Number of protein chains: 2
Amino acid sequence: MNNKEKLRKAGLRPTKQRMIIADILLDGVNRHFTAENLQNEINASGNSMSIATIYNCLKNFRNCGLIKQVESSKDTAIFDTNINQHHHFLDEETGELIDIENDEVNLRKLPKIPQGYLNNGVEVLIKIKKQI
Amino acid sequence: MNNKEKLRKAGLRPTKQRMIIADILLDGVNRHFTAENLQNEINASGNSMSIATIYNCLKNFRNCGLIKQVESSKDTAIFDTNINQHHHFLDEETGELIDIENDEVNLRKLPKIPQGYLNNGVEVLIKIKKQI
DNA sequence: CAAGTAGTTTAGAACGATTTTAAAGTAAAA
DNA sequence: TTTTACTTTAAAATCGTTCTAAACTACTTG
Ligand SMILES: [Mn+2]
Ligand SMILES: [Mn+2]
Ligand SMILES: [Zn+2]
Ligand SMILES: [Zn+2]
């Protein structure tokens, strides 16, 4: 399926701007990035785009499930092109995230989900620190 | 150990402002809160404090290990008085966090820590959604 | 296709959380 | 007590993100 079809299937009009971003993000390579990172890639590709459009687009892509947003205590939002359920290593010093594929983690015991709620995904975060 | 001793042991001068905050946060009750939540509690206790001081203090407390900061994709920092290793349920709709004690989770299999790094803590996040 | 309309992009303003500034105040050391 | 280093503060600044409203574009309908 090409990017135009992916956007249509997600319910998004394939505008010029969304296609530029889809060409960068939906190439099958998993990456973690910020809005500013993406703007730099857009510029490097010979295009340019308003930062408002980039934020709009990231929010739309996220809401449609084309990308995910990572839980992070940094003050800049971090997005993830790996939309499969997976886990992360986090170097808290640098903020670097490394993917852990879902089958590399196995949970033996999980707590009971609170009354009235459904399990909507389990994420494991392994904080790591550079050896001295 | 009283709060003055806790601050001293953490390497922080027990100033009036730090004592007011310690009296609220270090009472043994586990809670998740923002800087604004804390300012409201300070006001409710009949005191008042500059928001800059509150942020300074939260950063100091966190750096000394008296409190923790939660990984969160919300745009407001969330702190946690539960400094034991533990896990969370997260209702993504409301942002509500619920503690999961460490012994309620058991990991059968963990990935190899990347070369040159040390494991610095494992956190499990269970996203939950209100049943319809 | 032509016209209509609903959705999108944009620059710039606005916003909200957090940090910085620099001056006044306080705790600990000498 | 005097000195020194650290802390608090109000206000300004910063920075990521969202809003505004006007121009633009994709899709629909005839
Ligand atoms: Mn955050
Ligand atoms: Mn922010
Ligand atoms: Zn990832
Ligand atoms: Zn907690």
Side-chain angles (χ1 to χ4, degrees), chain A residues 2-24 32-43 45 47-64 66-80 95, chain B residues 2-25 32-43 45 47-64 66-79 95:
Chain A
N2 64 29
N3 288 339
K4 188 174 275 192
E5 291 171 330
K6 283 184 193 163
L7 291 174
R8 282 238 159 76
K9 197 175 150 202
L12 296 173
R13 286 188 181 178
T15 63
K16 178 162 168 279
Q17 288 79 1
R18 286 177 183 152
M19 286 299 293
I20 290 168
I21 290 181
D23 287 345
I24 293 172
H32 305 112
F33 63 97
T34 66
E36 195 192 356
N37 295 155
L38 178 57
Q39 190 169 45
N40 291 338
E41 287 203 65
I42 290 167
N43 293 338
S45 76
N47 294 289
S48 79
M49 202 176 299
S50 163
I51 193 67
T53 303
I54 293 173
Y55 278 107
N56 287 342
C57 191
L58 288 173
K59 193 179 284 191
N60 284 321
F61 277 34
R62 170 179 30 89
N63 291 344
C64 293
L66 292 171
I67 61 176
K68 295 207 288 189
Q69 183 171 355
V70 177
E71 300 290 330
S72 163
S73 57
K74 311 207 70 175
D75 53 9
T76 304
I78 300 173
F79 297 89
D80 193 338
Chain B
N2 62 32
N3 288 338
K4 187 175 276 191
E5 290 171 331
K6 282 183 194 165
L7 290 173
R8 282 239 159 75
K9 197 176 151 201
L12 297 173
R13 289 187 181 180
T15 63
K16 179 163 167 279
Q17 288 78 2
R18 286 176 183 154
M19 286 299 292
I20 290 169
I21 290 182
D23 286 346
I24 292 172
L25 297 183
H32 305 112
F33 64 97
T34 65
E36 195 193 357
N37 295 155
L38 178 58
Q39 190 169 43
N40 291 337
E41 287 204 64
I42 291 167
N43 293 338
S45 76
N47 294 289
S48 78
M49 202 176 298
S50 162
I51 192 66
T53 303
I54 292 174
Y55 277 107
N56 287 342
C57 191
L58 287 173
K59 193 179 283 190
N60 284 321
F61 277 36
R62 171 182 28 90
N63 292 343
C64 293
L66 294 171
I67 62 176
K68 295 206 287 190
Q69 183 171 354
V70 177
E71 300 290 329
S72 163
S73 57
K74 309 205 72 174
D75 54 9
T76 305
I78 300 174
F79 296 90

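Here the structure is a predicted model, which is why all the values come from computation and not from measurement. A note on names: the letters A, B, ... follow the listed sequences, proteins ahead of strands, and every chain is numbered from 1.
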Please list each protein N or O that sits under 3.5 Å from an N or O in nucleotides 18-22 of chain D, with the distance.
unit_1, atom_1, unit_2, atom_2, d
D:dT18, OP1, A:Lys59, NZ, 3.4

**Study point:** Check against side chain to side chain contact (heavy atoms under 4.5 Å, CB included), B:Asn56 and B:Phe61
**Key:** CA-CA 9 Å; B:Asn56 287 342; B:Phe61 277 36; over 6 Å; no
Practice item. Show your reasoning for whether side chain to side chain contact (heavy atoms under 4.5 Å, CB included) applies to B:Ile42 and B:Ile54. Key: CA-CA 10 Å; B:Ile42 291 167; B:Ile54 292 174; 3.8 Å; yes
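Within the 3.5 Å criterion, the main-chain N or O of A:Asn40 finds no donor-acceptor partner in the side chain of A:Asn43.
The two residues A:Cys64 and A:Ala10 come nearest to each other via the heavy atoms SG-O, 3.4 Å. The two atoms that bring A:Glu5 and A:Asn2 nearest to each other are N-OD1, 2.8 Å, heavy atoms only. A:Leu38 and A:Phe33 make their closest contact through CB-CD1, 4.1 Å (heavy atoms, listed as atom of the first residue, atom of the second, distance).
More than 12 non-hydrogen atoms from other residues, nucleotides or ligands lie less than 6.0 angstrom from CD of B:Gln69.
Atoms CZ (A:Phe79) and P (D:dT17) sit 7 Å apart, rounded to a whole Å. At whole-Å resolution of the value, CD in A:Gln39 and P in C:dT9 are 14 Å apart. Atoms CG (A:Asn63) and P (C:dG7) sit 16 Å apart, rounded to a whole Å. The CE-P distance, from A:Met19 to D:dT25, rounds to 17 Å in whole Å. As rounded to whole Å, 13 Å separates atom C1' of C:dA17 from atom CD1 of B:Ile78. Computed from coordinates, the A:Met49 CE to C:dA11 C1' distance equals 15 Å when rounded to whole Å. Going from atom CD1 of A:Ile54 over to atom P of D:dT17 covers 11 Å, rounded to whole Å. Atom P of nucleotide C:dT26 and atom NZ of B:Lys4 are separated by 15 Å, given to the nearest angstrom.
Within a heavy-atom distance below 4.0 Å of DNA chain C, the residues of residues 6-18 of chain B found are B:Arg8, B:Arg13, B:Pro14.
Listed by first then second residue, pairs satisfying salt bridge (charged side-chain N to carboxylate O under 4.0 Å, His left out) with a partner in residues 48-62 of chain A number zero, not counting sequence neighbours.
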What donor-acceptor contacts under 3.5 angstrom involve side-chain atoms of residues 14-21 of chain A, with partners at least two apart or in another chain?
unit_1, atom_1, unit_2, atom_2, d
A:Thr15, OG1, A:Arg18, N, 3.2
A:Arg18, NH1, A:Arg13, O, 3.0

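Residues satisfying the salt bridge (charged side-chain N to carboxylate O under 4.0 Å, His left out) criterion with B:Glu71, sequence neighbours excluded, are absent altogether.
Five base pairs at each end of the helix from C:dC1-D:dG30 to C:dA30-D:dT1 define two local axes, and these are offset by 30° (rounded to 10°).
B:Asn60 is not listed as a side-chain neighbour of B:Leu66, based on a closest heavy-atom distance of 4.5 Å or more.
Note on A:Thr53: a base of the nucleic acid sits closer than 4.0 angstrom, heavy atoms only.
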